[in-house]
S.K.: 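What follows is a structure written as structure tokens; I'll ask about it next.
Quick note: numbers below take in every heavy atom, side chains included, and nothing from hydrogens, waters or symmetry partners. Each chain gets a letter, A, B and so on, in the order the sequences are listed, and its residues count up from 1. Just so it is clear, the model here is predicted, and its values are computed rather than measured.
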2 protein chains.
Amino acid sequence: MNFELDAYDRKILALMQEDARLSYSELGRRIHLTSPAVAERIRRLEEQGVIRGYGVQLNLRKLGYSFEALIQVTVRSHAELDSWAESHPEVLAVHATTGTYCALLHVALCSPEHLQAILKALGELGTSTTSVVLSSQHETRPRLPADQIRYE
Amino acid sequence: MNFELDAYDRKILALMQEDARLSYSELGRRIHLTSPAVAERIRRLEEQGVIRGYGVQLNLRKLGYSFEALIQVTVRSHAELDSWAESHPEVLAVHATTGTYCALLHVALCSPEHLQAILKALGELGTSTTSVVLSSQHETRPRLPADQIRYE
DNA sequence: CCTGAAAGCTTGTGCCT
DNA sequence: AGGCACAAGCTTTCAGG
């Protein structure tokens, strides 16, 4: 593994996690580097695959979703589940897991009827257990490199 | 609720979800609007809270994390769990939920020892059930407004 | 990694529909 | 109200050191 993040790379990543639209010049100003130096480092981080892309954090409520649910599913066929999820943009994530269940789905919902429709569709594929999300934290918090973490 | 996303707003959001660093000019070019018009729309979307921020999508593997886990927890005190999660950056999300468990934790791990340390810490707060994530999908896919979704 | 210059981007004002 | 055009000031992106 070639990842060798120095202090500058870590600062750049930290700043971009809080605001990915900061200009190279602004990033440079904050860490005392010129903009070409910052641009070159970011180009390298993208090329190495450390940076996978840049996204916008949307407010799901403002998009018309009133709540979220986590659905544990046991299915006959992962392929069937994948293709179902593929065509349903309200599926925020599908995690295939070890354990009692095959997968955990994270979905955004606009109404109880919407949830009911989804559970009905999942019923065709296997069995499910649903939990409604009351609150979420840290979903968009900055992520540190593992070597920054001390596990006591 | 004042959100009234027209076709231009939806196109801007769709493009920015795939690459939040596109310039206003480039966005304008792709949707046939001038850059001041795009800038004004984005400013409004930010002000309305539709756009909460811009983030960088990082490759956890390249940051030194080799796997992820989903941990269902039942705790005596949510406050205790929150303050523990607060000081642990490897916690990617904490979802408080209805159902059999109090919360679901999504964590990034660098080793089995790391997971063990986390489970030990959680053991002080309550009980937990762990599933290792085998694969994840759609975590960074574009999110459509709810009115774009037809639930059959 | 820095400087410096050319090309391109952002952002303000003013006008038009 | 919202978009367009233009211009001043920044930013990006090269080159060369």
S.K.: With sequence neighbours left out, what residues match B:Glu68 under side chain to side chain donor-acceptor pair (under 3.5 Å)?
M.R.: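 Per chain and number, B:Glu68 pairs via side chain to side chain donor-acceptor pair (under 3.5 Å) with B:His106.
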S.K.: Mind calculating the distance between CZ (A:Arg44) and P (D:dT13) to the nearest angstrom?
M.R.: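 In whole Å, D:dT13 P lies 16 Å from A:Arg44 CZ.
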S.K.: The criterion is side-chain contact (heavy atoms from CB on, under 4.5 Å); which residues satisfy it with B:Asp82, sequence neighbours excluded?
M.R.: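 With sequence neighbours excluded, B:Asp82 shows a side-chain contact (heavy atoms from CB on, under 4.5 Å) to A:Gln137, given in chain and number order.
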S.K.: If I take atom CZ in residue B:Arg41 and atom P in nucleotide D:dG3, what distance separates them, rounded to the nearest angstrom?
M.R.: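 Roughly 4 Å, once rounded to whole Å.
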S.K.: Please enumerate all residues that pass side chain to side chain donor-acceptor pair (under 3.5 Å) together with A:Arg41, with sequence neighbours excluded.
M.R.: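 A:Arg41 satisfies side chain to side chain donor-acceptor pair (under 3.5 Å) with A:Asp6, A:Asp9 once adjacent residues are dropped.
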S.K.: Are any non-hydrogen side-chain atoms of A:Val50 and A:Leu13 less than 4.5 angstrom apart?
M.R.: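 Touching, per the 4.5 Å side-chain cut-off.
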S.K.: Give me each pair satisfying salt bridge (charged side-chain N to carboxylate O under 4.0 Å, His left out) with a member in residues 133-146 of chain B, each pair once, sequence neighbours excluded.
M.R.: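 Qualifying pairs: none.
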S.K.: So if I define the base as every atom that isn't primed, P, OP1 or OP2, how would nucleotides 2-17 of chain C read as a B/S/- string at a heavy-atom cutoff under 4.0 Å?
M.R.: SB-----SBBB-----
S.K.: For residues 7-19 of chain A, which residues have at least one heavy atom under 4.0 Å from DNA chain C?
M.R.: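 Under 4.0 Å from DNA chain C: no residue of residues 7-19 of chain A.
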S.K.: With sequence neighbours left out, what residues match B:Ser111 under side-chain contact (heavy atoms from CB on, under 4.5 Å)?
M.R.: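 Checked B:Ser111 against side-chain contact (heavy atoms from CB on, under 4.5 Å); matches are A:Tyr151, B:Glu113, B:His114.
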S.K.: Take the protein atom CD1 of A:Ile42 and the nucleotide atom P of D:dT13, then report the distance between them rounded to whole Å.
M.R.: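 Rounding to the nearest Å, CD1 of A:Ile42 and P of D:dT13 are 10 Å apart.
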S.K.: Tell me, with the steps shown, if A:Tyr54 and B:Gln17 meet side-chain hydrogen bond (donor to acceptor under 3.5 Å, both in side chains).
M.R.: CA-CA 8 Å; A:Tyr54 305 97; B:Gln17 282 178 88; over 6 Å; no
S.K.: Who passes side-chain contact (heavy atoms from CB on, under 4.5 Å) against B:Glu80, sequence neighbours left out?
M.R.: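 Scan of B:Glu80 (side-chain contact (heavy atoms from CB on, under 4.5 Å), adjacent residues dropped) gives B:Arg76, B:Ser77, B:Leu125.
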S.K.: The criterion is side chain to side chain donor-acceptor pair (under 3.5 Å); which residues satisfy it with B:Tyr65, sequence neighbours excluded?
M.R.: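 If we apply the side chain to side chain donor-acceptor pair (under 3.5 Å) test to B:Tyr65, skipping adjacent residues, there are no hits.
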S.K.: Rounded to whole angstrom units, what separation is found between the CG atom of B:Leu27 and the C1' atom of D:dG3?
M.R.: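 Whole-Å distance recorded here is 16 Å.
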S.K.: Note down the inter-axis angle between the two ends of the helix from C:dC1-D:dG17 to C:dT17-D:dA1, five pairs each, to the nearest 10°.
M.R.: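 Comparing the first five pairs with the last five, the axes sit 40° apart.
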S.K.: My understanding is that only residues two or more places apart in sequence, or in another chain, count here; which of them pass side chain to side chain donor-acceptor pair (under 3.5 Å) with A:Thr97?
M.R.: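 In terms of side chain to side chain donor-acceptor pair (under 3.5 Å), with neighbours along the sequence ignored, A:Thr97 is linked to no residue.
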S.K.: Report, one line per pair, each donor and acceptor closer than 3.5 Å where one atom sits in a side chain of residues 21-39 of chain B; sequence neighbours left out.
M.R.:
residue, atom, partner, partner atom, Å
B:Arg21, NH1, A:Ala20, O, 2.7
B:Arg21, NH1, A:Leu22, O, 2.8
B:Ser23, OG, B:Glu26, N, 3.0
B:Glu26, OE1, B:Arg29, NH1, 2.5
B:Glu26, OE2, B:Arg30, NE, 2.8
B:Glu26, OE2, B:Arg30, NH2, 3.4

S.K.: Once you round it to whole Å, what is the distance between P of D:dG2 and CD of B:Glu40?
M.R.: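 One finds 8 Å between P of D:dG2 and CD of B:Glu40, rounded.
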